[in-house]
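Heads up: the structure comes next, in structure tokens.
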Number of protein chains: 2
Amino acid sequence: MGLTISDVANSAGVSTATVSRYLNQPHLVSPDRQERIAKTIAELNYVPNNMAKALTTNQTTTIGVIVPDINNVYYPPIVRGIEDYLTECGFVSFLCNTDQNLSREKRYITTLRSQQVAGMIFVGSRPSNPSLSDHLAELRRSLPVLMVNDDMLDGKVSSIGSQEAGGIYQAIKYLHSLGHRNIAFISSSVPLNTYIQKERGFCHAMEHLGLGPAGQWIFRDAKEYEAGGFSAMKKIMELSKAPSAVVAATDQMAVGAVHALLEHGYRMPRDYSVVGYSNSCISSTTYPGITTIDQHGYELGKQAAQMLVQIIHGAEDDLSAHYLDTKLVIRKSSGFCMTGE
Amino acid sequence: MGLTISDVANSAGVSTATVSRYLNQPHLVSPDRQERIAKTIAELNYVPNNMAKALTTNQTTTIGVIVPDINNVYYPPIVRGIEDYLTECGFVSFLCNTDQNLSREKRYITTLRSQQVAGMIFVGSRPSNPSLSDHLAELRRSLPVLMVNDDMLDGKVSSIGSQEAGGIYQAIKYLHSLGHRNIAFISSSVPLNTYIQKERGFCHAMEHLGLGPAGQWIFRDAKEYEAGGFSAMKKIMELSKAPSAVVAATDQMAVGAVHALLEHGYRMPRDYSVVGYSNSCISSTTYPGITTIDQHGYELGKQAAQMLVQIIHGAEDDLSAHYLDTKLVIRKSSGFCMTGE
DNA sequence: TATTGAAATGTAATCGCTTACATTTGCTAT
DNA sequence: ATAGCAAATGTAAGCGATTACATTTCAATA
């Protein structure tokens, strides 16, 4: 505890500079001293003080990871992907939960800046009002920043995400191929870019397939998650012209919808087909398993970390936006349309 | 970017010492200078360099949080609880995933030590071979350390956990009250303390209730999680003397068991009652919802962080082990025993 | 008015490390 | 033998903060 580089230097009978070189550029140290220093370090159980190193070199190997809520099934795979890649590269990550609360986010940014983080990754869709993200564009001017699952600051902050609109399109096309024609979309009125994107994908798909106008089929609830899906589904069931299939903007909403259906005695996929989004763990643990659009969260996180590290190493053509393809995962909540028309 | 305290001092026409005092002990600075310094800091958007502070004061406000896998539904609530409390106290947390891999854990410990963390929290049950945790007892000698959900180093490292044996006892008592007499327990042969504890709770309960000997009713699978529960349940269904209820050591195993039952056409709670452990998100999103033992993960995390902060501030009667009470959460997977005997 | 002491401020050493620059060592080429 | 050079090592300044100690300020008291 509290050993310093000069303790090691003294013990090994060399100068601090030599120890430091051994630690950072071993090839500059003669083999015999390398051995002596190595032995001393092991004996003393010396661990370099990274604070001092950071202070001299003016750079750290810490990254801030800002996430709405690690408790939301959506994020753990992404965070895990980020962490795994960063660890591989010798970085450590600070985890911060904002609950989508702007002032919490700003407070964290200040804290992370004072920690001299080498960069920050913002995970999750952002408010659709772009000015609520101005501070990120500003931040980007002095620090490597990357956004995951939101590209709305295009041209200002690099990002990576999944093809959300495309994923929903995929879902609709799949349902269409099963014979479904009346397809509802469960979204939320919470003003986040992700809902806008997915609704857009829904509208495009419906219109391309000649199932439009799509607007009438979009149901937005003020709540997100299960509760939102549940009450949106209740409204849908009351419609005189009921759809045979429902796509939800998130797996959680899909779960809520499924519960509403089960509660009414409906069965899937006989009476309704339900499709979610993200292939989070809950879509496979529910009964029936929910068909969903896999957004490859873990991979998303890994690539995000990779991009950030590239930016940090200055080896990037700067601003870019990458998109991962989504993949349809078929489970038991969806099937052929049984509504004879 | 890169502003220092002397930039602020110059700008404000005071010495660095005064600025530093303003930042740390404002009452030592006259009101007029406070105002001037505040204004300068705001104008310049100065953020103190915590590396430098850490170096001089020889203490940081960072905590290492070591978790097996943030992607496992068991941990996010705990981590979130930890993070929330730490944030409240002005700390930041490093998140580290070990996958129960000892060398990963040790590597992280070294990294965290070099980051001069003020303390570490180890989340999750540890291997039942106590010598695999010797390094934690050792670590504790030079650093505040706390364990969550494992108390096997009693007397060496403080800990907080849930009453695992008691929780299982609660579950058995509940099933007994519903008329169940033949109750199986799904555990894992992975050598973790948590399984040992829970099996112990199971045996106690069964014997106290006169349902023993309990050993014959314990089914251990080599796998954990859904897969383990699934195959354990398959074996249970093959028994000539089938139980009417099953308790699983984790919610994931319970989910696996439920799937196995559904696959065989059994219905819950008519044919089988199933109970899980931890009240993780999946126990409420499955169908039917799974009766489970709530271990209050979020609260556990909060109190863990609180204990660690106390240890850091030296305000603790040192080594202690706290246990949160568990709570039975009844859902649709359990009910009266329907097996006429 | 001179003295005193508390309050406010400043000066400068220090934390542990890196690194530019200086020095030493040990060859090679003349 | 010796200049010349590369490799290995050492010396010491500096990173941005804190803080012990020194100094200044100024109001209260004699």
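Side chains are part of it too, since the values below use all heavy atoms of this structure and drop only hydrogens, waters and symmetry mates. Everything quoted here is computed from the prediction, not taken from an experiment. Below, read A as the first sequence line, B as the second, and so on, with proteins coming before strands; counting in each chain starts at 1.
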Going by an N to O cut-off under 4.0 Å, is there a salt bridge joining A:E105 and A:R126?
yes

Can you give the first and last nucleotides of DNA chain C, 5' to 3', that have an atom under 4.0 Å from a heavy atom of chain B?
C:dA8 to C:dG16

Once the angle between the rings of B:H313 and B:F91 is folded into 0 to 90°, is it parallel (under 30°), tilted (30 to 60°) or perpendicular (over 60°)?
tilted

Under 3.5 Å, side chain of B:S158 to main-chain N/O of B:L146, donor-acceptor pair present?
no

Going 5' to 3' through nucleotides 12-18 of chain D, assign each nucleotide B (protein heavy atom under 4.0 Å from a base atom), S (under 4.0 Å only from sugar-phosphate atoms) or - (no protein heavy atom that close).
B-BBBBS

Is it the case that the side chains of A:Q306 and A:Q310 hold a donor-acceptor pair, with the cut-off being a distance below 3.5 Å and no angle test?
no

If the condition is salt bridge (charged side-chain N to carboxylate O under 4.0 Å, His left out), which residues does A:R104 pass it with, not counting sequence neighbours?
B:D84

Is A:D134 salt-bridged to A:K156, cutoff N-O under 4.0 Å?
no

Could you tell me whether A:E43 atom CD has more than 12 heavy atoms of other residues or ligands within 6.0 Å of it?
yes

Nearest-Å distance, CD1 (A:I37) to P (D:dA8)?
13 Å

Donor-acceptor pair, B:N24 side chain versus B:S20 backbone, under 3.5 Å?
yes

